[in-house]
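Before any comments, here is the structure.
Since the structure is predicted, the reported quantities are computational estimates derived from the model, not experimental observations. Basis for what follows: all heavy atoms, side chains included, without hydrogens, waters or symmetry-related copies.
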Amino acid sequence: MTPVILGEMSLAACLLRIDPRDDVAVAVRGLAAGDSVAEAITARAEIPAGHKVALRAVAAGEPVRKYGWPIGRATMDIQPGDHVHTHNLATALSGLDTYAYEPTNPEPLHATEDRTFMGYRRKNGRVGTRNEIWILSTVGCVSRTAQKVAAEADKRFKGRVDGVHALTHPFGCSQLGGDLEATRRMTAAMAGHPNAGGVLIIGLGCENNQLGPLLESAPHLDPERLRSFTAQTAEDEIEAGLEAVEELVRIAEQDRREPCPVSDLVIGLKCGGSDGLSGLTANPLVGRIADKVCAAGGSAILTEIPEIFGAERLLMARAESEAVFADVVGVVNDFKRYFIAHGEPVSENPSPGNIAGGITTLEEKSLGAVQKAGRAPVTEVVRYGGQIRGKPGVALLEAPGNDAVSSTALTAAGATVILFTTGRGTPLGFPAPTLKLATNSSLAQRKQRWIDFDAGRVASGASMDAAADALMDLVLATASGRPTRAEENGEREIALWKRGVTL
């Protein structure tokens with residue numbers, strides 16, 4: 001079964017129900033005890049906006065359904081009109097699961113987007129949405145060096161390229177084995193990103209993450225647009241950096257935007273600070289965009305593997321082959337083993353902010369989160385630090401739920417625009433231009449400097465189709481150079497997933 005996309009399914013002006021089988025609906029606005037919320041149902045307690053209201057009686061121990069699927073089990077008897085949350089609902093997830101390949105045959109997507117965006121077509125055929133100079137560091141020891149070079153170069157060469165940015169991290173030394181290799185793969189993947197018209201990699205010289213092996217692991221880099229050196233061998237590392245950036249700017253400033261079809265887009269899909277409306281407004285809206293892009297021949301990348309636990313079967317049923325299904329099973333169970341090996345339950349989610357916003361269990365969070373992937377087939381699974389092949393459809397990317405780590409992984413995997421849904425808000429920005437979609441209109445109004453699009457309009461009766469058309473307009477404008485709020489605010493961070501021993 002594919003996720004149900006929210007339509008005109010309100011029970012009353014104050015409630016939204018997603019699937020007719022659901023035991024609960026979501027309060028669009030705060031309710032007081034005694035409020036009439038639906039036919040023959042009265043709120044039995046104060047219920048905040050975004051939280052769940054029981055529509056029918058559920059006995060203790062029975063599953064509670066939302067999105068047409070169980071989101072946990074009742075821990076006590078629940079009556080119609082009750083507030084359903086952590087006091088009477090708990091997860092049913094535990095340990096590893098076994099899965100069977102049971103593909104569905106969904107109705108094929110039909111291309112509806114024949115518009116273009118103005119992108120930068122690179123020598124290898126990939127298309128960027130920005131023409132920036134990126135300064136990467138092999139190791140945390142030269143992070144400040146990279147930042148100093150970027151700050152001065154951005155002033156010195158302003159207007160000649162779309163910007164000069166340092167993308168730094170604290171790792172690269174005292175790492176071993178697969179942990180070191182992941183840092184190396186991520187750095188190499190970022191160096192080949194199409195949004196970078198030129199890349200400077202600064203090393204220290206004595207670190208584990210040596211420049212030579214790093215460059216050898218990225219054979220598809222354009223040598224004309226790459227510069228590198230180690231600070232220990234440079235007489236003045238700041239001047240050496242500025243000279244290298246100037247060479248790259250002379251090349252990149254010759255690049256010009258050209259019309260590119262939607263099939264050249266790679267969109268990253270991300271949740272951050274979800275609330276009870278995330279799965280009703282912003283996430284299914286992003287799913288509409290994913291469908292538009294994939295139907296046109298483009299790609300969408302879904303990540304945050306721990307935030308699909310409880311909903312993974314929806315994605316497995318959409319695997320385009322049994323081999324892809326096996327890869328989905330592998331990445332899901334490997335992540336569960338990662339939790340178990342560290343003595344943590346696989347259901348250690350949602351976060352305090354999610355809970356305050358009305359999300360009770362990981363199943364509920366996951367069922368809302370996977371709606372970002374729309375209905376397109378899952379065509380590949382990419383491990384952390386890898387890059388997508390660019391096959392039309394949804395790619396599932398191995399990365400945790402952490403906003404900065406997963407958004408960095410999305411960029412490294414090839415995303416040239418990221419759609420980031422949020423019910424709580426965050427100022428963070430990432431290397432690929434990131435559009436923040438508020439799940440509720442209150443957040444959009446309060447944090448206008450953070451939010452690019454108000455998806456909360458859908459909860460107030462706006463058409464999902466009209467909202468999707470407006471969002472697609474914004475995506476194409478952003479891909480063509482319109483700055484996001486995070487870009488206007490100078491917010492740009494990366495973060496790496498550190499999993500191994502530190503020496």
Side-chain angles (χ1 to χ4, degrees), residues 3-19 25-31 37 47-53 66-67 112-113 115 267 269-293 353-354 357-359 367-375 417-427 433-479 482 484-486 488:
V4 177
I5 303 300
L6 176 67
E8 304 300 325
M9 290 184 276
S10 58
L11 290 173
C14 56
L15 293 184
L16 285 171
R17 179 175 62 185
I18 305 164
D19 188 282
V26 176
V28 175
R29 57 174 175 80
L31 303 172
V37 295
I47 301 172
H51 286 237
K52 295 176 290 298
V53 184
K66 182 182 176 186
Y67 303 101
T112 58
E113 283 297 337
R115 291 180 291 172
I267 58 170
L269 313 174
K270 175 76 184 82
C271 298
S274 302
D275 68 358
L277 293 177
S278 296
L280 309 180
T281 60
N283 288 351
L285 184 58
V286 166
R288 297 286 184 97
I289 303 304
D291 286 346
K292 288 175 182 285
V293 171
N354 298 154
I359 296 175
L367 286 162
V370 299
Q371 299 211 26
K372 299 191 304 298
R375 299 181 293 115
V417 176
I418 295 174
L419 301 183
F420 186 109
T421 68
T422 178
R424 312 295 290 178
T426 179
T434 303
L435 290 168
K436 305 279 182 57
L437 283 70
T439 67
N440 61 84
S441 295
S442 173
L443 173 62
Q445 292 161 6
R446 288 187 296 104
K447 287 295 185 182
Q448 296 182 35
R449 290 186 64 254
W450 292 0
I451 300 300
D452 297 274
F453 191 90
D454 176 14
R457 67 182 76 177
V458 176
S460 301
S463 160
M464 181 70 80
D465 287 338
D469 288 343
L471 179 56
M472 192 67 198
D473 290 344
L474 180 58
V475 169
L476 294 176
T478 301
R482 174 175 170 167
T484 65
R485 292 283 192 254
E488 291 173 342

Reported CD1-to-CG distance for the pair I359 and L367, which is rounded to 0.5 angstrom: 11.0 Å
Ignoring hydrogens and angles, tell me if any N or O in the side chain of T422 forms a donor-acceptor pair with the backbone of G272 under 3.5 Å. yes
Test R446 against I451 for side-chain contact (heavy atoms from CB on, under 4.5 Å), laying out the working first. CA-CA 9 Å; R446 288 187 296 104; I451 300 300; over 6 Å; no
If you look at every heavy atom in Y67 and D19, which pair is closest and at what distance? C-CB, 3.9 Å
Set of salt bridge (Lys or Arg N to Asp or Glu O under 4.0 Å) partners for R115, sequence neighbours left out: E113, D473
Residues at least two apart in sequence or cross-chain that pass side chain to side chain donor-acceptor pair (under 3.5 Å) with K436, listed by chain then number, are none
Give the intermediate values and the outcome of salt bridge (Lys or Arg N to Asp or Glu O under 4.0 Å) for residues R288 and D465. CA-CA 8 Å; R288 297 286 184 97; D465 287 338; 2.5 Å; yes
Euclidean distance, D454 CG relative to S460 OG, rounded to 0.5 Å: 7.5 Å
N283 meets the side chain to side chain donor-acceptor pair (under 3.5 Å) criterion, sequence neighbours left out, with T421
Look up atom CG in N440 and atom CG in L277, then write down how far apart they are to the nearest 0.5 Å. 6.0 Å
Residues G276 and K66: closest non-hydrogen pair is O-NZ, 4.0 Å
d(L437 CG, L285 CG) to nearest 0.5 Å is 6.5 Å
With sequence neighbours excluded, what pairs up with K372 under the salt bridge (Lys or Arg N to Asp or Glu O under 4.0 Å) test? E304
Here the pair of heavy atoms bringing G358 nearest to K52 is O-NZ, 2.9 Å
Minimum side-chain heavy-atom gap M472-D469 below 4.5 Å: no
Working note: V458 + L280, criterion side-chain contact (heavy atoms from CB on, under 4.5 Å); need CA distance, chi angles, decisive distance, verdict. CA-CA 8 Å; V458 176; L280 309 180; over 6 Å; no
Not counting sequence neighbours, list each pair that qualifies as a salt bridge (charged side-chain N to carboxylate O under 4.0 Å, His left out) and has a residue in residues 417-426. none
To check you understand the geometry: which heavy-atom pair defines the closest contact between C14 and L31, and what is its length? CB-CD2, 3.9 Å
Could you tell me whether a side-chain N or O of T281 sits under 3.5 Å from a main-chain N or O of T439, the two making a donor and an acceptor? yes
Matching residue for L15 among V26, I47, V28, V37 - test: side-chain contact (heavy atoms from CB on, under 4.5 Å): V37
Interatomic distance, L471 atom CG to L435 atom CG [nearest 0.5 angstrom]: 7.0 Å
Nearest heavy atoms of Q371 and G279, plus distance in Å: NE2-O, 3.6 Å
Residues which pass salt bridge (Lys or Arg N to Asp or Glu O under 4.0 Å) with R485, listed by chain and number, not counting sequence neighbours: E488
Sub-4.5 Å side-chain heavy-atom contact between R482 and L474: yes
